[in-house]
Structure formats: structure tokens, C-alpha cells
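Written below as C-alpha cells is the structure these notes are about.
These figures come from a predicted structure and were not determined experimentally. Count residues from 1 along the sequence. Just so you know, ligand 1 is whichever comes first in the structure, and atom 1 is the first atom listed for that ligand.
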Amino acid sequence: MAHAATTAAALFFFFLLHAAVRADAAATLSQGQSLGANDRLVSPGGTFALAFFTPTEGDPSRRYLGVMYARAKEQTVPWVANRDAPVSASSAYSAAVTASGELRVMEGDRVAWSTNTSSPLGNVTLAIVDNGNIQLTAGGGDGGQPELVWQSFDQPADTFLPGMKITLDRRNGAVVSRTLFTSWRSASDPGTGDFTLGQDPLGSAQLYIWRRSPRGGGGAGGEENATYWRSGQWANTNFVGVPWRSLYVYGFKLNGDPSQRDGVMSYVFNTYNTSEYRFMLHPNGTETCYMLLDTGEWETVWSQPTIPCHAYNTCGANAECAAGNNGRPVCTCLKGFEPRDPAAYGGGNWAQGCVRSAPLTCETNVSGGGGGGVGFADLPGVKLPNFATWVTTVGDENACSQTCLANCSCGAYSYSIGTSCLTWGQELLDIYQFPDGEGYHLHVKVPASILDTGSKTRRWTTVVIAVIVVVAVLAGCGLLLWKCRRRIKEKLGIVGSRGKPRLPSLLPVRESRQDFSGPKQPEQEEAEGGKKCELPLFPLEVVAAATGDFSADNKLGEGGFGHVYKGKLPGGEEVAVKRLSRSSGQGLEEFKNEVILIAKLQHRNLVKLLGCCIQGEEKILVYEYMPNKSLDAFLFDPARRGLLDWKTRFHIIEGIARGLLYLHRDSRLRVVHRDLKASNILLDRDMNPKISDFGMARIFGGDQNQVNTNRVVGTLGYMSPEYAMEGLFSVRSDVYSFGILILEIVSGQKNSSFHHMEGSINIVGYAWQLWSAGKGEELVDPAVRAAAGAATAEALRCVHMALLCVQDHACDRPDVPYVVMALGSDSCVLPTPKPPTFTLQCTSSDRDGLFGGGHADESYSACDLTVTMLQGR
Ligand SMILES: *[C@@H]1O[C@H](CO)[C@@H](O)[C@H](O)[C@H]1NC(C)=O
Ligand SMILES: *[C@@H]1O[C@H](CO)[C@@H](O)[C@H](O)[C@H]1NC(C)=O
Ligand SMILES: *[C@@H]1O[C@H](CO)[C@@H](O)[C@H](O)[C@H]1NC(C)=O
Ligand SMILES: *[C@@H]1O[C@H](CO)[C@@H](O)[C@H](O)[C@H]1NC(C)=O
Ligand SMILES: *[C@@H]1O[C@H](CO)[C@@H](O)[C@H](O)[C@H]1NC(C)=O
Ligand SMILES: *[C@@H]1O[C@H](CO)[C@@H](O)[C@H](O)[C@H]1NC(C)=O
Ligand SMILES: *[C@@H]1O[C@H](CO)[C@@H](O)[C@H](O)[C@H]1NC(C)=O
């Protein structure tokens with residue numbers, strides 16, 4: 001080691017005494033080597049170069065060491081080393097990796113800039129990576145892994161590149177470290193400028209741009225660093241204030257929990273090709289995302305702030321900002337508020353904001369016409385205000401609104417899948433009204449008297465307006481659908497012809513539009529496509545690369561709909577890829593529409609659909625990956641069955657019931673699964689059950705004959721009598737399949753393995769015989785029976801519920817809300833099930849019973865059997 005160090009030192013002296021070692025077109029610089037005025041280090045793929053430069057139109061006597069895009073037409077410098085310490089062009093300057101292990105920029109003998117690093121390992125090497133990062137590594141001899149000493153990605157300039165992190169590390173309310181980007185002083189001067197971008201130091205997970213007050217000026221506001229811009233809250237795949245299509249692989253991603261103020265939170269940006277995108281903080285404080293075109297030119301993808309309304313708090317508290325002509329801000333007080341200072345307001349001095357017209361009386365009750373109650377005024381399509389509180393304990397909109405009602409200091413709430421429940425105090429700051437239907441829904445607490453005046457004329461006006469709106473929406477839907485289709489075609493065309501994903505087609509540049517022509521027209525909104533088309537589209541090459549070209553090694557299984565493969569996305573995310581069998585009998589548009597609908601179904605007991613891929617004949621669905629595979633892999637495997645103790649089994653039954661409840665009742669689609677079975681229940685890391693393949697019937701429902709020939713109808717043994725015999729299905733057919741599933745989970749026996757069982761043709765008959773003979777516990781899987789103990793009662797209750805679910809007549813079966821309620825309560829007395837005549841005697845049920853409803857037990861909700869499809873026999 002000592003010997004290596006002396007050699008290195010000798011090399012360094014060699015460099016000092018003699019001419020610089022030329023490193024042109026090399027990717028690394030070793031200890032003792034240096035980079036001269038005309039040398040370049042080029043990254044292995046040729047995308048980035050490290051060299052000395054003078055900014056375009058800058059002072060030619062000042063030279064800087066920087067990273068440059070090799071392919072870009074105009075000089076583009078995402079990183080500068082000595083930004084505040086240029087070296088003189090007339091001197092002998094160079095950059096060198098010293099014996100001590102630093103990267104230094106030298107002007108003659110003077111050190112202009114240094115990384116100030118050192119490493120005892122020796123063999124320090126500087127390398128430029130293909131993502132634009134400059135790394136100093138040390139060691140690496142004898143086959144060991146070199147150690148990272150320093151990298152430029154940790155000390156960014158004004159540019160955020162894919163591969164970087166925007167990090168905030170907070171402990172006990174104090175900022176430990178964070179990533180900051182600082183603008184150049186001007187386009188021709190890389191020196192530290194006035195604008196800084198980074199995460200909110202208070203830990204709200206928002207990105208901020210701050211502006212430093214002019215030097216020397218005391219400043220009217222007195223603030224040293226004023227907030228200039230804010231991204232808005234993190235909404236799972238995008239920022240609330242940045243209308244960025246939620247692309248799953250491409251786009252920002254947050255590592256960390258936005259509802260926690262302490263801890264490490266870091267944003268990363270994933271792309272297919274890291275050299276294509278950059279985010280630059282301009283000297284004037286505008287943050288712009290650019291994409292590199294094949295021509296070497298930069299295209300603007302997205303840019304903010306470009307109009308005053310984008311900037312922070314332009315209208316003051318409790319007011320919303322909408323862009324008027326030429327982006328001029330138009331400020332309006334929120335409903336229930338009036339200008340704080342009417343004179344100043346009229347004169348265009350908005351900063352004072354608005355105050356409540358009438359004070360709020362604090363009541364935990366929305367009362368209709370009375371004067372005392374409070375309610376919520378709706379404000380759709382906005383960038384949500386600053387200073388939100390995340391209410392993580394609440395899971396739906398109603399509970400969120402109740403939380404706000406119950407809290408006197410809550411002034412507003414918002415609920416969306418991306419953000420979940422957010423509440424605000426009384427001052428609502430920085431609300432921007434999006435021009436084109438983007439944005440989020442804010443509910444502002446106001447006196448109930450404002451919401452409902454009770455006047456008849458008002459009511460009539462409301463009715464008339466409602467009718468007009470409904471007609472307009474219906475007309476619009478048609479148009480939208482048509483536009484949607486066209487856009488999909490366009491996208492496909494683009495992906496196909498260029499052979500790689502083009503973000504701009506998915507990310508329309510709306511924000512940079514300066515000329516807003518008055519209030520938005522309905523046609524305009526529809527032409528934009530709105531959020532209706534939103535679904536991550538994966539290019540085929542990404543999916544193919546992720547699954548090793550659909551290699552047999554990656555195959556997870558095979559179902560009626562096609563093969564399932566395990567895949568790994570460029571970001572490292574594991575996914576399950578379902579390649580649908582080609583003849584799904586559906587056109588591209590119908591397929592896309594269905595997938596978009598199904599992607600909206602989100603519940604913790606449903607497998608998440610991440611996106612799809614449609615290219616030529618290929619139709620592919622991309623799901624989250626479930627490491628524990630499916631339930632049948634545990635339940636019916638003698639070796640692993642014991643891993644499922646009773647507690648886990650009951651947890652699984654409850655989870656499936658909740659997922660079904662969501663599908664049947666709580667989702668707007670009211671999806672009937674039609675193929676519920678053990679192999680369609682997947683298990684996550686913590687053995688939480690997730691229903692998969694829901695919505696497949698919708699996707700494949702286009703042509704009935706196709707459905708039959710492709711075996712995509714339910715699975716024998718799980719099919720309800722009316723479905724198997726007559727092709728009728730409803731939510732109660734799913735209840736039947738669920739009953740079978742409960743019996744399988746309790747007994748650990750496969751329904752289809754009952755053929756040979758004495759006296760009964762299937763699990764239903766077998767269970768009925770044991771249960772009616774008072775020997776229900778014999779049904780419980782021997783693998784858990786011994787340990788179940790007190791839980792035997794719970795298991796018996798499950799058998800009882802299962803027998804209710806598998807009754808012959810659809811109307812006799814409980815609905816899922818009842819099942820969920822009854823499973824969760826010990827006190828609820830279950831009705832007595834009717835014997836399964838169909839399964840015992842194998843006779844067809846009479847049709848009248850199916851629709852008559854006369855059999856419906858009073859303890860169930862009214863029989864709302866909906867026949868969703870009548871199939872030919
Ligand atoms: C290295 O140290 C010098 C002197 O302490 C300091 O001025 C300079 O900013 C440091 N360089 C870096 C890159 O931190
Ligand atoms: C120096 O590092 C490089 C890689 O960084 C490694 O290949 C080489 O073996 C190392 N040499 C010594 C002498 O440690
Ligand atoms: C303002 O910003 C500068 C540069 O980021 C920083 O050094 C300074 O501490 C900040 N001042 C305040 C009051 O936050
Ligand atoms: C990334 O894009 C550049 C320019 O379009 C291209 O030269 C390069 O080969 C691409 N890299 C990959 C991995 O596709
Ligand atoms: C800031 O500068 C960029 C680049 O020159 C320009 O495109 C943008 O319009 C400017 N923004 C404002 C608000 O002046
Ligand atoms: C809500 O208000 C109504 C009418 O004012 C009253 O009858 C009811 O008891 C109130 N409920 C609660 C929970 O305060
Ligand atoms: C009430 O709401 C405010 C504003 O959102 C929040 O800061 C506060 O923590 C809430 N109080 C309670 C008890 O939840």
C-alpha cells in the first residue's frame with residue numbers, strides 16, 4: 001500500500017514537472033493525470049463530456065470546468081465545478097486528480113477549486129458516467145470494489161438529471177441535510193444566482209423555489225429568502241401543482257412517506273433513456289423540463305412558473321388565482337370570503353387577500369337551512385393550498401369531511417386517491433385555478449346559510465342549470481370518447497415509428513401557454529382529453545426487456561387470459577406482466593377504455609394495475625408483483641399448508657370479502673368478478689390477500705362466442721348453479737364462488753378433489769353433511785385444527801357463512817356487505833342455510849326462484865339481483 005502511494009506521488013510530480021497527460025476521449029482520469037485546456041473526458045456511451053468551457057456569449061477570458069451534453073446542438077452545461085471561481089484563459093490552467101485524492105482546478109500553482117476530499121485507499125480515479133455524473137473512486141485493487149469518494153450528483157448546480165436525488169433528511173424537527181439547486185447568475189455567468197430549488201425544510205415533501213432578496217437592499221418584505229414557487233403536495237405519482245401525466249415508470253417518484261415530517265425523503269426521476277431529460281432552474285427562477293431530440297435540439301416539455309398565477313401566493317390568503325388574458329392574474333375571493341381591504345383589492349393590490357364574510361360558528365353538524373350549521377363549498381380543479389396536514393388515519397372522502405367538521409380549527413379539506421385526506425387551518429394560501437380541468441378538489445368550510453338559501457327561484461335556477469349541465473356532459477362524453485380514441489392512435493403511431501417512448505406526446509405542454517382566451521369552453525376542455533385518458537402506457541420494448549423477451553424462465557403462470565411473467569422495470573421495480581391471448585375479441589379502443597376503467601379500481605385487497613401496453617397484436621397488462629404468489633400455492637401444498645395458521649386464514653377470508661365489497665358496491669363500476677378462485681387470490685409480503693384478474697370479464701366481454709371459445713368464463717367448481725346451467729351471473733354468483741373459497745380455506749381441500757369423496761359430489765355437499773350433523777369442526781384443516789383452540793368457533797362461523805353463500809337460489813345468498821358485517825361481529829346471529837339440493841341431487845333450479853325474491857331472508861338487504869349478461873346456451 002505504501003509502495004502504491006509513493007508511486008502515485010511520483011506520478012503526480014511527474015505531472016507537475018512535465019506536460020499534462022492527454023486524456024482526450026478517455027472516460028477516466030487516474031491519480032496524477034490532468035485535463036488540459038483542450039482535453040475532454042467523454043462518458044463511455046458518448047453522451048456527456050467533461051471539459052473547460054466559456055458560456056455562450058460569456059466573458060471569453062473566464063474558463064470553467066463543466067459537464068456538457070456531447071450531442072446537444074447548443075452548449076448545454078448541467079454541472080459546473082468552479083462556478084464562482086473561474087480561471088483566467090491567459091493562464092496555464094488544468095484540472096487534476098491529486099495524490100491526496102482530490103479533484104482540483106488549477107490556475108498555474110493556485111488552487112481555484114477543489115473537492116476537498118481525501119482517501120487512504122489510494123488509486124483515486126475520476127470517471128464520467130453516462131448519466132452525467134462525475135465520480136471520484138478510490139481503491140479497487142486486487143479485484144476489490146472501488147469506494148465512492150465524491151460525486152457531482154451530490155453537489156448539483158442548476159440542473160436536476162435523471163439519476164440524481166432531491167433529498168431532505170430531517171431528524172427531530174431539524175434539517176440534517178438537503179439537496180439544493182442554485183440558478184446561474186445569468187445565461188452567460190454560471191456564478192451562484194438568486195434562485196434556489198429544494199424540498200420544503202418543514203418536511204411537507206413539496207419542492208420550493210426561493211428567491212434571494214437583492215443584495216444590500218433592506219427589502220420591503222424584510223424576508224431574506226422569499227418563497228417564489230411551490231410544486232404542491234405529492235400525490236403519489238405527481239405533484240398537485242404540476243399537471244404531469246401519472247406515468248408509472250417515467251416520472252418522479254418519492255422514496256419516503258410524505259405524511260411524516262421527519263425522516264429521509266428523496267425524489268428521483270426515472271426515464272427509459274437517462275440522457276434525454278433535464279430539469280433546469282433558469283436565472284429568472286423558472287424551472288423547465290427539456291427533452292433532447294434526435295436533431296440535437298431541446299424541446300420544452302414543461303415549465304413553471306411562467307405566469308404570475310404559478311408564482312407563490314400571488315392573490316394573498318383565501319383567494320384563488322386564475323389566468324386571464326395574456327396570463328394576467330385574476331384574483332377572486334373564495335366563496336364565503338370578502339376582500340380584506342376592498343380599496344386595495346379594486347386597485348389590483350391582491351397581496352392582502354380575503355377574510356371571512358361571516359365568522360364560522362364551530363359546530364360538528366351540517367344542518368340544512370338553519371343559520372348555525374357549517375358545510376363545505378366546493379372548489380374543483382385547483383392547486384391545493386399550502387400548509388396541509390395529512391390525515392393518514394382516514395380512508396375515504398366521507399371520513400375526511402367528518403374529520404374536518406369535527407375539528408374547529410379545520411378550514412378546508414381535500415380527498416383524492418393520490419393525496420388521500422388533507423386538511424388545512426383557517427388561512428388558505430396559494431390556490432391556483434387550473435384552466436383545463438386539471439387539479440384537485442378543495443372543500444372549504446363555510447356557514448351552511450351560504451350554501452342553501454332555500455329560495456324557490458334559486459332552486460329552479462339550480463335545476464335548470466343541472467339539466468343543461470347533464471345534457472352538455474352527455475354530449476361532451478361522446479366527443480371525448482372520440483378524441484380519446486384518436487389520441488391513443490396518435491400515441492401508438494409515435495411509439496411505433498420512433499421505436500422509443502416520447503414523453504411529450506403524453507405530457508402536453510400546457511403550462512407554457514401564455515394566451516388564455518377568456519373562460520374555458522366545453523369543447524376546449526374535451527379537446528384536451530382531460531384526465532379520462534390517463535393510464536401509464538408501457539412501450540413494448542420496455543416490457544420485453546423487463547421480462548427477458550417473455551422468456552420461459554420468467555413465466556409465473558398461465559391463465560385463461562394468457563401467460564403471466566415476472567419482470568423488472570428499469571427503475572428496479574418488480575412487476576407481473578400479463579400477456580393477453582391474442583384473440584380477446586376486442587378492438588383496441590374498447591380494450592383501452594376498459595383498462596382505463598379498471599385501473600381506477602384501487603383497494604388494498606385488489607392487485608394494483610400499473611399500466612398497459614398495446615402495440616400491434618400485443619395487449620399486455622402490467623400489475624404489481626406479489627412475492628408470495630397465489631393462495632392455492634399455499635393451501636393445496638402439503639408442505640406449505642401448515643404455514644397458514646388459522647389467524648392468517650381468517651385474515652385472508654376477511655380481506656377477500658373486503659375486496660369483493662369494493663368491487664360490488666364501493667367502486668363506481670360495480671364489477672362482477674366471475675372467476676373468483678384460490679389461484680386468483682394473490683398474497684403480498686405480509687400475507688394480505690389481493691384479488692387479481694378482476695375486470696377481465698369486462699375486458700373480454702366484447703364478443704360472447706369469443707368468450708366461450710377462449711375458456712375465459714368461470715372455473716368449474718366455483719360456478720354458481722344459475723351461471724353454470726343458464727349462463728346468468730350477478731354479484732351473487734361471486735358470492736357463491738366466495739362461499740366455495742371459504743370452504744377451501746377452512747378445510748385446505750381443493751373443491752375439485754372431492755370427486756372421489758364418499759357420498760358427496762363436491763365440497764359443498766361434504767360440508768353440508770358434516771355441518772348439519774353437528775360435526776362442522778371435522779371440516780377444519782387438520783393442519784390448523786389442533787392449534788386453533790378457541791378459534792374453532794370462528795372457523796365454524798366461517799363454515800356457516802360459506803353454506804349461506806353457496807345456497808342454490810341466488811336470492812337466498814347474502815350480499816357481500818352482509819358477509820363483511822357478519823364476519824366481523826360475533827354477536828350477529830346467522831340465519832340457517834337451506835340444504836344444497838342442486839349440488840346433492842344434481843337437479844336444475846327453477847328459474848322463478850331466481851327472480852322471485854320470495855326466498856329472500858329478511859335479514860338480508862333486498863335482493864338486488866342484477867343480471868349483467870344473458871348467455872346463449
Ligand atoms: C473546499 O474548501 C475550500 C476552503 O475551505 C472552500 O472554499 C471550498 O468551497 C471547498 N470546496 C468545495 C467543493 O466544497
Ligand atoms: C485502480 O482502480 C481500478 C478501477 O477503479 C482497478 O481496475 C485497478 O485494479 C486499481 N488498481 C490498483 C493498483 O488498485
Ligand atoms: C437564504 O438562502 C441562502 C442560500 O441558500 C442561505 O445561505 C441562507 O441561510 C438563507 N437564509 C435564510 C434566512 O433562510
Ligand atoms: C439514448 O438516447 C440517445 C439519443 O437519442 C441515443 O444515442 C442512445 O443510444 C440512447 N440510449 C439507450 C440506452 O437507448
Ligand atoms: C425565464 O427564462 C426562460 C429562458 O430564457 C424563458 O423561457 C422564460 O419565459 C422566462 N420566464 C419568465 C417568467 O420570464
Ligand atoms: C345536528 O343538527 C340537527 C338539527 O339542528 C339536530 O337535530 C341533531 O341532533 C344534530 N346532531 C348532532 C350530532 O349534533
Ligand atoms: C385540526 O385541524 C388543524 C388544521 O388542519 C390541524 O392542524 C390540527 O392538528 C387538527 N386538530 C386535531 C385535534 O386533529
Would Arg178 pass as a cation-pi partner of Trp210, given that its NZ or CZ must be under 6.0 Å from the six-membered ring centre and within 45 degrees of the axis? yes

With the threshold set at 4.0 Å, does a side-chain nitrogen-carboxylate oxygen contact exist between Asp430 and Arg230?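 Salt bridge between Asp430 and Arg230, a charged N being under 4.0 Å from a carboxylate O: yes.
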
Record the part of Thr423 in heavy-atom contact with ligand 7 below 4.0 Å; permitted values are side chain, backbone, both and neither.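 Both backbone and side chain of Thr423 come within 4.0 Å of ligand 7.
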
Relative to the heavy atoms of Gln155, which atoms of ligand 1 are at a distance of less than 4.0 Å? 13 (C)

Please tell me whether [X] and [Y] form a close aromatic pair, meaning their ring centres lie under 6.0 Å apart.
X      : Y      : value
Tyr277 : Phe160 : no
Tyr415 : Tyr413 : no
Tyr312 : Tyr228 : no

If you measure every N or O of Asn284 against every N or O of ligand 5, does any of those distances drop under 3.5 Å?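 Yes; at least one N/O pair falls below 3.5 Å.
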
Regarding ligand 5, does His282 bring an N or O atom to under 3.5 Å of one of the ligand's N or O atoms? no

What protein heavy atom lies closest to atom 10 (C) of ligand 1? Include the residue and the distance to one decimal.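 For this ligand atom, the closest protein heavy atom is Asn116 ND2, 2.4 Å.
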
Between Thr115 and ligand 1, is there a nitrogen or oxygen pair with a distance under 3.5 Å?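 No, Thr115 has no N/O under 3.5 Å of an N/O on ligand 1.
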
Pick from Thr182, Leu180, Asp158, Leu281: which one makes a side-chain contact (heavy atoms from CB on, under 4.5 Å) with Leu197? Leu281

Is it true that Cys321 and Cys315 have SG atoms closer together than 2.5 Å?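 Disulfide absent: SG-SG distance not under 2.5 Å.
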
Nearest protein heavy atom to [atom]: under 4.0 Å?
atom                    : answer
atom 14 (O) of ligand 7 : yes
atom 5 (O) of ligand 1  : no
atom 2 (O) of ligand 1  : yes

Phe52 to Gly36 - nearest heavy-atom pair and separation: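 Of all heavy-atom pairs spanning Phe52 and Gly36, the closest is CD1-O, 3.8 Å.
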
Among Thr389, Asn407, Val391, which residue places a heavy atom closest to atom 8 (C) of ligand 7? Asn407

Enumerated ligand 7 atoms positioned under 4.0 Å from heavy atoms of Trp424: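 It comes down to these atoms of ligand 7: 4 (C), 5 (O).
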
